[in-house]
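Quick notes on the structure that follows.
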Amino acid sequence: MQNLLEFVLKALIGGLFVVGFALAAETVQPKRLAGIFAAAPSVALGGLILTVVFKGDADAATAARGMAAGAAAFTAYCLVAVPALARFGALRGSAAALVVWFAAAAGLAYAVAP
């Protein structure tokens with residue numbers, strides 16, 4: 001029963017955060033920057049809050065480290081994807097960027113693992 005309650009609360013709180021961040025995105029100028037307030041940060045924040053409530057600070061800290069590592073790996077992917085797509089085309093450029101993402105994610109996951 002606790003798992004069901006946790007699941008329902010994650011859905012509700014995640015949804016509320018998505019709506020809140022979407023409203024904040026509407027106020028941002030230029031609209032290109034509105035993507036910063038997309039669903040991922042709001043769902044992550046809602047998930048962390050519920051992790052603290054249901055599982056404690058230690059599990060939330062582990063989840064937060066994983067989220068930060070994932071964000072850094074995604075940044076590496078983005079930095080490689082733009083020039084790789086221009087140079088190699090869509091298929092090979094995307095594949096090259098995914099290799100960089102996987103390497104960065106694996107290295108960072110190993111670095112932040114408890």
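Below, all heavy atoms of this structure are taken into account, side chains as well, without hydrogens, waters or symmetry copies.
Among pairs with a residue in residues 48-62, those fulfilling side chain to side chain donor-acceptor pair (under 3.5 Å) read Thr62-Arg65, at least two apart in sequence or across chains.
The minimum heavy-atom distance linking Ala64 with Leu48 is given by the pair N-CD2, 4.0 Å. Nearest heavy-atom pair across Ala69 and Val112 is CB-CG2, 4.1 Å.
Val100 and Phe102 fall into different hydrophobic clusters, defined by Ile, Leu, Val, Met, Phe, Trp and Tyr side-chain heavy atoms under 4.5 Å apart, directly or through other members.
Every residue two or more places apart in sequence or in another chain that forms a side chain to side chain contact (heavy atoms under 4.5 Å, CB included) with Ile49 is listed here: Phe17, Leu45.
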Review item, side-chain donor-acceptor pairs of residues 72-99, under 3.5 Å, at least two apart:
unit_1: Thr75; atom_1: OG1; unit_2: Ala71; atom_2: O; d: 2.9
unit_1: Ser94; atom_1: OG; unit_2: Ala90; atom_2: O; d: 2.7

